[in-house]
Each structure stands twice: as C-alpha cells, then as structure tokens.
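Note that this is a predicted model, so its numbers are computed, not measured. In this chain, numbering begins with 1 at the start of the sequence shown. Heavy atoms only: backbone and side chains are in, while hydrogens, waters and symmetry mates are out.
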Amino acid sequence: LSAEESFWTFVCLIKGRYELRSYFASGVPELVTNLYCLDRCIELYMPPLFSHFKEQRISPILFASEWFTTLFGYNFDVEFTTAIW
C-alpha cells in the first residue's frame, strides 16, 4: 500500500467497524475485555494449559497485550506482516 492507503486503512481499523481506538483509550477497556475473553477461551478449550498458567501465575496480559495492540504483527518481521496484511 502507499503511505496514504496505509493511513486510511489504519483509520478504518481505529474508527470503523472494529473500533480499535478503545485499545488506546484511558484504561484500555477493550483490551481488558479481550484479554479476559482470551483467558476464558484458554480455560474452556485448553484446561491443562489454563491450570499450568494458574499454577505459574501467568496471565494473558503478560504475553497477549502486544498481540492485540499490534494486531498480531509484533513478533513477526515486516515482510511477513506485510504479506499477511
């Protein structure tokens, strides 16, 4: 995408259908909600992993907040993320 197209794509993600601006609002309400949902999904679909996380005092906020706030592009190189996007 061109710089302008990238900008408008970002605007659509933040202000459009997905309302991702709340990820960056004071108190990060949507991020907190999504991290809670992830924790419940792990509990429901991967009970052994959930138990292990609880024993080790691991919360999804320790590893997943970067995933959500960067739309899962944080841990990948730019070329790979660009290809996915």
Side-chain angles (χ1 to χ4, degrees):
L1 297 175
S2 70
E4 183 177 354
E5 290 170 323
S6 297
F7 170 79
W8 288 114
T9 300
F10 181 73
V11 168
C12 287
L13 289 169
I14 296 299
K15 291 182 145 184
R17 177 179 176 199
Y18 300 104
E19 287 291 322
L20 296 180
R21 68 180 151 187
S22 64
Y23 273 18
F24 309 101
S26 179
V28 292
E30 191 69 25
L31 180 59
V32 171
T33 300
N34 286 331
L35 290 169
Y36 174 80
C37 290
L38 176 61
D39 198 40
R40 297 292 65 81
C41 285
I42 294 170
E43 180 180 24
L44 181 63
Y45 295 107
M46 296 182 250
L49 179 61
F50 181 79
S51 295
H52 178 71
F53 279 175
K54 290 301 168 194
E55 289 172 10
Q56 301 300 315
R57 296 183 179 179
I58 296 173
S59 169
I61 197 168
L62 296 174
F63 59 89
S65 58
E66 290 173 340
W67 296 349
F68 289 127
T69 58
T70 63
L71 303 175
F72 302 93
Y74 179 79
N75 293 355
F76 304 111
D77 61 39
V78 174
E79 291 79 21
F80 181 75
T81 303
T82 301
I84 297 300
W85 276 81

Between atom CG of N34 and atom CD1 of I61, what is the distance when rounded to the nearest 0.5 Å? 12.0 Å

Please round to the nearest 0.5 Å and tell me the distance separating atom CG of L35 and atom CH2 of W67. 10.5 Å

All heavy atoms of L38 vs all of A64, minimum pair found to be CD2-CB, 3.4 Å

ILVMFWY network linking V32 to F63, side-chain heavy atoms under 4.5 angstrom: yes

Determine the minimum heavy-atom distance between K54 and D39, stating which atoms define it. NZ-OD2, 3.7 Å

Would you mind reporting whether V11 and W8 have side-chain heavy atoms less than 4.5 Å apart? yes

For the atom pair CZ (F50) and CD (E55), what is the distance rounded to the nearest 0.5 Å? 11.0 Å

Nearest atoms (heavy-atom pairs only) where S22 meets P29: O-CD, 3.4 Å

Single-linkage hydrophobic cluster L62~Y36, side-chain heavy atoms < 4.5 angstrom: no

Would M46 end up clustered with I58 when hydrophobic side chains under 4.5 Å apart are linked, directly or stepwise? yes

